[in-house]
Each structure stands twice: as structure tokens, then as C-alpha cells.
Protein chains: 2
Amino acid sequence: MKKYTIGALLFSMMFAGVSAQSLKSPDGKFEMNFQLKQGVPYYNLKYNGDIVVEDSKLGLRLFKDTSIKFASEIAKPEDVKFDLNNGFTKTEEKRDSKNETWQPVLGEKKNYINNYNELAVTLHQDTTDRNIIVKFRLFNDGLGFRYEFPQQKNLNYFVIREEDSEIDFPTDMKAWWIVADYDSQEYQPQTTKISEIPGRWDQAFDKHSSQTLIKNAVQTPLMLKKEGKNPLYVNVGEAAVLDYSASHLEVDAVNFKFKTHLTPDKQGAKGYIQTSTVSPWRTIIVSPKAEEILDSKMMFNLNEPTKYTDTSYIHPTKYMGVWWEMIIGKSQWAYSTADNVHIGVTDFSKLTPNGKHGANNTKVKEYIDFAAENGFQGLLIEGWNIGWEDWIGHNKEFVFDFITPYPDFDIKMLNEYAHSKGIKLIMHHETSASATNYERWADKAFQLMNQYGYDAVKTGYVGDMIPRGEHHYSQWTINHYYRIAEKANEYKIMVNSHESVRPGGESRTYPNWISAEAARGTEHEAFQGNNPDHQTILPFTRWIGGSMDYTPGIFQTKLDYYFPGDKRFVKTTLAKQLALYVVMYMPLQMAADLPENYKRHMDAFQFIKDVAADWDDTKILSAEPGDYIITARKAKGTENWFVGGITDEDKRDYSVDFSFLDKGKKYEATIYEDGKDADYIDNPQSYHIYKKQITSKSKINFKMARSGGFAITIKPIVK
Amino acid sequence: MKKYTIGALLFSMMFAGVSAQSLKSPDGKFEMNFQLKQGVPYYNLKYNGDIVVEDSKLGLRLFKDTSIKFASEIAKPEDVKFDLNNGFTKTEEKRDSKNETWQPVLGEKKNYINNYNELAVTLHQDTTDRNIIVKFRLFNDGLGFRYEFPQQKNLNYFVIREEDSEIDFPTDMKAWWIVADYDSQEYQPQTTKISEIPGRWDQAFDKHSSQTLIKNAVQTPLMLKKEGKNPLYVNVGEAAVLDYSASHLEVDAVNFKFKTHLTPDKQGAKGYIQTSTVSPWRTIIVSPKAEEILDSKMMFNLNEPTKYTDTSYIHPTKYMGVWWEMIIGKSQWAYSTADNVHIGVTDFSKLTPNGKHGANNTKVKEYIDFAAENGFQGLLIEGWNIGWEDWIGHNKEFVFDFITPYPDFDIKMLNEYAHSKGIKLIMHHETSASATNYERWADKAFQLMNQYGYDAVKTGYVGDMIPRGEHHYSQWTINHYYRIAEKANEYKIMVNSHESVRPGGESRTYPNWISAEAARGTEHEAFQGNNPDHQTILPFTRWIGGSMDYTPGIFQTKLDYYFPGDKRFVKTTLAKQLALYVVMYMPLQMAADLPENYKRHMDAFQFIKDVAADWDDTKILSAEPGDYIITARKAKGTENWFVGGITDEDKRDYSVDFSFLDKGKKYEATIYEDGKDADYIDNPQSYHIYKKQITSKSKINFKMARSGGFAITIKPIVK
């Protein structure tokens, strides 16, 4: 049936006498063709002459009015004459190209290469006398395109009903996907054919603190693979999502076609637009090699260089946290037994302590001592501020003030103590998704941070958004995240946001937003669990647009250690946890477990102490989404290399070829591997550490256990 | 039919064996009875033994969850078990009383008397083990009641689906009403029987910049009159609307019954409640005399005393403004010919001036000169700041920054010039209803005001609210208004808000919020017109809860003076405009017309120069809603009196009896009355001024023209 459709399309093209614009990638391997068919814009994409994306429609549908009211205009039938998806003629064509090298403030490599050919087609809609521009950039790793809306007489303000950018694949493909949702990204990845997505969709989600699922849609970035003799890997995403809502992909499982589905606001409107402006880039990264997908910097290249005048305060940070013990239920964020508190009214010093408050002076000092002794730079403390008694589930607007510590958290003393030992405390601003409240307090909160010497904040957006009815990924909320990033920059503060929107390379423009969660992190191991293949998929999906704060480093994986009979466990060997520090690019790098657990494995902990967090170079040695990733990285400003390898639920052998090392040099490698009897279920803490002298000609064989892995520290031997 | 219903109710009461709680007013004239009938709370109200309000139901319906999501829970059927309107038993009854005198910061009298008896009934709902309290306060001028929600195990957070407080009148009454709307209060008042409201409703509104009408509902305060031999005037309103949405009244025109209808938020939720808290007071002011309705201070008495530590900066202010010339279209708020500007991006100095910008240095200096010469304290300037080119109709969030003047407005020079002449400029913060944006800029905006010596701001909320889908009178937005009032207090700034929610006596608690528009002001004379009876109704409705910034003083009523052929005119005689300064209580008192018009009538303008804006005493000499109001007021700290009288579209004679003056004293009265041939259509500028010596025994007859009036300045003659 699909084949028949293609035939029909080709037939109609021939007889419509359409003229196409063609664009090639710098290396000539990619070809993009744009054309109007009966006034409707289409593009396709070829790689080495083969069709990767068939003729796919472009355009947007608009609301009639620029002022949309709750449940009134939304319910009105669509009025095609306001749409920007038909009746176009081509009036101009501009071409450009670029081949530049730029340096990220923090990155996987010292230099990122931005090399593309560009085609910008101006389309004129005669009936409304409006122009839009469709801009294509063809890189050696794929295609990006966006809409541009120039300011003009008849196009000043409009409200988007939907963006209908299609990506039509010729064949069914393997897909690594999560369900689409306006408020959560923290779902288990699924692996099916495109054609199987609807059948699996209903079983692909668990319950989250805020969720608004989009039936039969999937999230970006979406990882795809054309299987067979000549495999092709495809990543579908979006970049530079600024003053626009984040998009999902509606799935046409019969025709293997995807279509943009934007996040609406509370009124059902999907974007309030004032010209001149541009849409985000829609990205299609393509390669016959999975490794090259991981290596792509296309999303970053599609973002603008930063306008920040000072980025010197932005630095990679290795940190510990008073955190995992709350996640597993050993201690609590809240200080008291109360369950209904009023910020500014309740006297917290008069409440009954619950006896399990994690962020207390004694415990924090113990964490500071351990973190300092082991060379960490930061310590995150969650639950330090008043309000945690009823922070969740009540849609409470004035839920935190971000400036008042609990009675047992001496903010001045603890910061001074930390600084005396070379540690900076990391601030925690859980907003409970009350973004309006956070904006009201942000200046005072950042001023408090400056006063006590905090230079990084972890923000959180758990629960339903306030403004009520707004979504985590709608235009208003995305503007909020960037407003906070910009304000943090004014105070020279780095941001690590949780439950915020997934990134699309925007850290190029906002380099102080150094990390985000925006996917299912380690914490879910203590909730409803992560599958062993999860970490082999995330770098192909969530990571394509920017670093994730995955919070690895759990050594005590079985939670019955704390709570006899508890069946929960982190589905990993200890060695795999080490490998994550290399496989996962994290300039903000947490050692998430409790000090007491590291103390029992100080030999293995040494790798976490040694591993770098910022890099001059990265080599993806081998990778297959859902199966394994082997990555080597060269630490910033040194000759030291680190290698990490992980596998999914299957045992797997891998031989590391060290040919990436400088020829003729000798190195000492410290190897951390799964023990012979290691197994993520039966024996996760079995590991083996040894040292070995290596050169660029060396190879080392590894036997990774089920959900196991290995890590290597490589340092040149100084003669 | 109605009579039959009453009979049936009395019958069922007798046989159900219900026990009622009774409460009397301090003077014994009012009696309120509370009872449960099959677990449902009811109250009634009698005056001098006659039923004013029949047994009327109380209670609230709730949503099942405290976290309401767009279009999901809203659409669910109601679940009666979550409601707080049934299954109650009485568990406690507390009585209290108060007789105090307090002094408003600014007011109509030096002392306000707060004298009531109170009954608080604790109701227990057995099925859910929840308590609520219904609290009644019975004054000598009527009843107030509210719900109280104590913090308790089973009542911490809930979301209101609707408050169903009923007011059931035994007979049809005359009603002065405007249509209910979540976003506008600026409608023409209607005068019909209650039974006629539905028939008139569809013709009772015009088009406003933001409006969300509530079919067949009317707004509070609602003015009613039982006509006949023993007339009774009734005012239905609400007081102390804090952290709660404003209410409207659904009309049952067959049974002459009204029911509360709260303003929803964008999700359809009508209040997010955290205990302990209280609802606003529902108020029923009752008197056989219309004058006593105007004299009632019940709404203020039902608010809490202010917690402000310093109110010394709050002062009555007589002001002029660069304003009316924009309203009528003679000049413009915007500076340039552009129609799409970006705050922070657009360089306004490079735009083409439109040549009609009102807030320019030359013109503002002229206004300063005139205002200073004539003893005014303030000058409002609208359109001083960038952003007016596209401020309306686009639902644009970042519409103003409130700190950047247009190129032709030299903020430093103009303030220095004004101060040198004893004038303070009044700041203007039009928000375009982008409340989130205003909150972001409020600190910087108030700091700018402090820097240049502004001590008052006029705020505005024209257009659809942002957060988008929120309403002007919903809980979130009401919290916003008070947040701004409190922040202004931090900066010692007085607030006069336009398009904000109507007040319910809250200026007792927030005395720096000295005035508000919140009804159809003078500006509408230049839009779709006000009826001649409008000003005789407003004091009975909008004014019951607090001062209105009505902006009177238009001398040049016919707009063809500016624009030949223009049919628009202000429906008033010149003398009536003078009277409004007394009839309308306005501590913030504008002389709204252009200096050039006052210069042609300096003899009449003298009254505006003389009239006070703050008062030691007020006597409502005579009044009938919709017909006429005659008011005498004694200026603060002096022995001077001012009298104002206005009439509707009918000519009317009135004889002022000066017996309110001190006995034995002699006074000089300056009388401003309609000329013999005055008429609001044919000859509005015909007036007559004369002086006369008077005592407390004097009487003066006035012949008010159609939509005419008179004003008197009375000063003791010093021997």
C-alpha cells in the first residue's frame, strides 16, 4: 500500500509540472528537494541517492483571532483562509553556506564544526498577501529546517492552531520511543517498529506527578533505524525551541509518517506569535553508523552563539548530594510532622520535627567532610527550605519562598564550613511547578545565593504547572525557563533544571543552563524502575540536544540493604555505574549514592574521583541503541583519557581498540570491570580492578555482565 | 405562586421539628434565623418583623480533586459526597458582639461605627468528618455572612466548583443592575423588575475590549427596591474578597431569588482553597431610606483593620491629566506610526513620530503650569512609556517595561519641573492585562517612581488577562491586585487601578489602594455613551464598596468642538459635573477636561479648585437610585461644607435645607447652578453662580435642568 502511494505521488508530480529547489550537503551525500504542489510546500531528503524522507508537507494552521478565549475560539471550526499551509507561490530563493569551528563553554569536544549549505525559499500567499520563509540547512549529518515569519503589513500577530510539519518515511523502521506528554518526559523507552507503536502505546506509561498524555504520539528526539543489509540510523528532533512550544510527533503507523504536534496552552492555543520571529528547527540526523548519531552536534549548531558577555563563572562540577536518601525513603525533605503549612505565617520552629529531616546541620557537615576529602567541588542539599510539608499534589501557588531555611539548617554556618574545605554548596529551588511564584522570588533567591557563595542551583518543576492549566512544555513555560536562565546569568549562577523541557542545543546560547533532567533519571530506579537498556537509549534520544543530570553512581543497588524485604533495586552492576560517567556526557556530574556506601568500595569509588567532567575530545567507539555504547573521552586540558562501556540486559563481550591514543606514547590504564560472577540481579557489586600499561596498539577484551559495563582511566606515563 | 411556596415552607418547618438559631441586630430591628433542614443550612432575614429574605440555602460544591486539569475534571459529573452543602449537624454555636468606632485613613467621615451582633454556627458533616463554620454579623444596616474553613484532618485543600449562597426575596422588586461578566464591569446600568431581568439581559451590553458575559446573571453590588407604601431598599454585595474569586448573582426571575456565581479560572475552577481560611462576606444592606444605603459602611466594617505600619504617605489628591485628549482622539498614547514593536529590541528613537503623541515635554509642561497655578497636587500622564504602538488586542505578554520613556518624554526634567512648582507627576502603568509581565517589572517600576518622586500610580488592565485564559475577577487575578497593592505599600506608593475588580471595602485593610475604576467611567461618554441617570445609580452600586475614579469635570461636553460634525457628547450640564465632586466620594479626584476648556470657564472651575477630597462628615440629604442624589460633606479639619445635587434625564426641583450647619453660625455660600435655559442636550454650558449668606435655618431652592445639578461651597464667615 505504501509503495502504491509513492507511485501515485510521483505520477502527480510529473503532470503538475512542478519545479523543485534542490540543496546538497557540503559532502554531497545528502540532497534535499523542495517544491510546491498546488501551492502546498513539500520537501524530501535523500542520502546517497536513496530516499530517506519522502515528499512531506509543511505548513501551519492558525486561529482566526490573535486573542483566544477559553473554550470559545478553540471549539470553532477551522477556517482555512487563515492558515499558512496552502495557496503559496515561490517569490524568492536565497542560498548560503557556512563552515565554521566554534568552542562550546562546556562540551564533549574542544571544537564543534558547523558546516552546512542553506536554502531559504520565500513563499507568498496571494489570497492574504503574506510571506513566510522556509529555511533549510543541510549538514553532513542531516537536515534542519524551520519557518521564518518576517514582520510585514499582513503578518504581525497570529496564534498557532498547529504546526503540521511532516516527516514521511518510505518504510517501516525500528523505533526507540517514549509516549508523548505535555507534562512529563520520564517514561520508559519502548522499542518497536513504527507500525507497532499504536499497539504498544497503551502499555507504555506509568503514573507521574503531572501528566497529560497525547494518545498515539511519541516524543522527540525520536531514534529510528532502517534495518537490513544497509542500515540507516535516523534521529528526529527539534532545536532552538525558544518562545515556542515543544513539539511531539503524531504517528501514522500505516504510512510510517510523523507529524508535528505542539504543546498547547490552557486555552488550546499552541503559540502566540509576533513577527519577526522564527520557529524552532525541525531536525533529521541521518547516518549509516549509530556512532555518528551520538557524535552529531547539529542541534547545537542550529542554535545562536551566546550573547552572554561573561561565561567565566561556568565550570564543570562534580558533586554529591543530600538527595538519594530522600529518594529511597531513608530520610525526608520535610522537617516537621505538619501536613498543611502557610509560608510567611507558619512558625516552623514551633512545629514538631519528624525526626527524619535530611538537610540538618549534622548530616550536611558529614556530607561536606566526605565530599571534600574526595575532591568534589559541590554538595547539593535538598529540603533545606521551609514548605516541604505540603509541597506536592495541592496545586499550591505560594508553596516556597526559596529564602527561609528550616530551623535545623544553619545556612551561614554550613556555607562557611563548606567553603573552609573547598566545597561549594549547591542551591535547590524546587518550585512545585509554581512558576509564577518562582518568578516572584527569583531575585531574592539569587541574591541569597550570592550572599552565601552558592554558584549553582538545581531547579525543579514537580507537579501541575502554575499558571494553572499551563503545561511544562508550552510556550509560556518554556519562556519561563529561559527567563530564569537569563536571570541566573545576571547573578552568575549555573542552572540544572529538573522536570523542565528537554533541550534542543540551546546551551550554546544559554551556556549557564549547564544541565537538565527532562527524562527518566536514576531516581526512577527507586520508584517504578528503569530497564537495563535505558542507559543505552538515552544518549540517542534525550542527550542529542544537551546534557542530562542522570545522577549515576549508585553502588548500593539493592534497597533491602536499608529496608529488609524491600524488592526495589537499581538494575545495574556497580561497574556499569562507573561507565555511565563516560558514556553519559555530564559537565554537572553527581556521585549520587550515600557516603557510607562509597566508603565500603573506595577502590571503585576512585574512578568517580578521577573521571573528568569536561572534554577536549570524544570518540564513540561502538554503539547500538538499546544494546550497548562504548565511549572514549579525553579530559579537558590534559592527556588523560577515560573509557566507558555499558550493555543492556544481555551479557556482551567487547574489545577496546586503543588506536585513538597518541602513537608511540605509553599510558597506564586502570581498569574497572564486572567481576566474573557479576550480574545486575544476582551479584551487582562484583567488580574487578587492575592496572595495565597500554599504547595505541593495545586491545583489551571485556566481558560485560548482564546490565554490566566497564570503565578505564588512562594516564600517560611520564618518563 | 410565590406566596404558595412560602406557605409550603412554613408548613414543612413545623413538622420537621427543626430548631433555629436566632440573631438580632443591636437596635433590635433586624432578625436573622439560621436552621438546618434535612442537614442543609438555611438562613432568613426579617426587618421590623417583615420577611426581607426568605429561607435561603447556603453551601458550596467542590471538585473531587485538589488538582484540576484543563477540560478533564471540569467535564466530570459532580460528586455530591465532596460538597459542603448537605449532611450537616450543628455542633457548636458561638455568639459575639462589637461596638467600635474606627478612623479610616481617607474617608467620608472622620469616624466609622462598627456595631454588630455575631453568630457563628459550626456545622459537622458526618459522612466526611469535616467542620465548616457559617458566621453571621447583623448590623443596624443589615446582614453579612461568610463561610469559615478551619484547618482540620479532613479539610486542608479543596477546589471550589461553585458557591451556592442564595438570597431568596419574597416579592418582585425594582432592580438597578448591570450584566455579569468575568472580565468587564463597564456596562450601562439597567432598571427593571427582577422578573424582567432575563427579558432585558440580551440588550444590556455593548462590546468591550475583554468580556466574558454570564448569561442572565447580574453583577454585585446589586441595588433593589421593594416599592409601594412601605418601600424598602436592599443592596446585595460582597466584602473582603481576598484570595477568592469575585461573585456574580444568578437570577431566578420567577422566584425572585439570587444565587452566587463565582468567577472561574481558565480551568473552570472557582477557588483553590487551603485551610484555615474564610470566604468573602455576602452582604445584604437594608433600609426603608435610600439615603441610609449610601450611608452604610458595612462593607468596610467587614474588612480587617490595616496591618500597614505607616499610612502617613497616603493622602487625598486632586489631579489633572494628559488623558481626556487621548480618550476623545485628539492626541495619542503611542509615539510613532509603527504597529508592531518589540520591547528591548525596537529602537524607538528611530521610529517615525506620529505627530500626535500626547505625553511630550512641551504639552506636559503646559499641563504642569496650569495644574500648579490652580492648586492641584498631581498630574497624570498616560502614554509616557514605550510600547503603546501595539499594546491592545494582541494578547502580548511583554507589552511594556514600565521604565523606559518615549524619546520625547524627559522623565527627569519633567519631574524636576513639576516639583519646582509643587506638583507631583502621577505614574501610569497600563499593563494591557499582562499581569505576569507587570509582576516581573513591578520592583523596577516602583524603584523608578521612588527615584523621581512619584507617589501615586494609576494601573490599568485593558484586554484579555495574561496568564492567558485567566479572568479579571478570578482568584489568581484578585491575588495579583493585592500583591501589587502590598508591593506599592513597600515603596510608599498609592494605587488607583482601572479595569480591576470592584472593591468590597478592602481599602480598610489596603488603604494605599485609594481608588479604582471598576465600573463605567466618564471615558465611556466618548465611546458608546453613558445615560443621564448613570451617576445617580453608581453611588448605590459600585461605590458601596469603595471609591471610584470616575474622572468628572468635563466642561466641553460636545465633541464637535474638536471635530466638526462629531455627534458624541457627555450627557450632562456643566453644573452637574461640578456636583459630581461632592456626590461621588473620591479621595483621588480628577479634573479631567483640558486646561483650554477650564480657561474659558474659570468662574465655574473655581468650585473644582475649592472642593475638598477628604471629609470629616457626610450627610446624604436626599436620594433615589436612578433619579437624584443630594449630598453634603464637611471638609477634613475645617468648618467648610460642600453640597452637590444631581438629577437624571428629568428636570427636578430641590430645596436644600441647611440644618446640618452649626446653629448660630453664619456662612458664605457660593452657589453654582444650572442656568435657566440649561439642558444637557441643548445648552449644557449654561450656568449661574452667585454668593449668599446662610445659616442652619436657611433653605435654597434649586431647579435642576435635565441631567443637571448644582454645587455649593460653604465657608464660615469669620467675624
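Predicted, not measured: the structure shown is a model, and the values here were computed from it. In what follows, every chain begins at residue 1, and chains take the letters A, B, ... in the order their sequences are listed.
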Would Lys266(B) and Gln267(A) count as a side chain to side chain contact (heavy atoms under 4.5 Å, CB included) if you check the C-alpha gap in whole Å, the side-chain angles of each, and the deciding distance to 0.1 Å? CA-CA 7 Å; Lys266(B) 53 206 156 284; Gln267(A) 303 192 103; 5.6 Å; no

Can a side-chain donor-acceptor contact be found between Asp390(A) and Gln274(B) if the only test is distance below 3.5 angstrom? yes

I'd like to know which of Val159(A), Asn479(A), Thr275(A), Ile466(A) tops the heavy-atom pair count under 4.5 Å against chain B. Thr275(A)

Just so I understand: if I count every heavy-atom pair under 4.5 Å between each of Gln151(A), Arg440(A), Lys153(A) and chain B, which residue has the most? Arg440(A)

side-chain contact (heavy atoms from CB on, under 4.5 Å) partner of His394(B), chosen from Phe158(A), Tyr272(A), Tyr157(A): Tyr157(A)

Using side chain to side chain donor-acceptor pair (under 3.5 Å) as the criterion, list what pairs up with [X], not counting sequence neighbours.
X	answer
Asp347(A)	Ser349(A), Lys350(A)
Thr263(A)	His248(A)
Ser434(A)	none

Region of Glu397(A) that comes under 4.5 Å of a non-hydrogen atom in chain B: side chain

Select one option (side chain, backbone, both, neither) describing which atoms of Ser276(A) are under 4.5 Å from chain B's heavy atoms. backbone

Identify the residues of residues 337-346 of chain B whose heavy atoms come closer than 4.5 Å to a heavy atom of chain A, ordered by number, or report 'none'. Asp339(B), Asn340(B), Val341(B), His342(B)

Does a sphere of radius 6.0 Å around NZ in Lys307(B) hold more than 12 heavy atoms from other residues, nucleotides or ligands, not counting ones at 6.0 Å or beyond? no

Does atom NZ (Lys487(B)) have a neighbourhood of more than 12 heavy atoms from anything else shown, all under 6.0 Å? yes

Rounded distance [0.5 Å steps], OG1 in Thr436(B) versus CD in Glu470(A): 9.5 Å

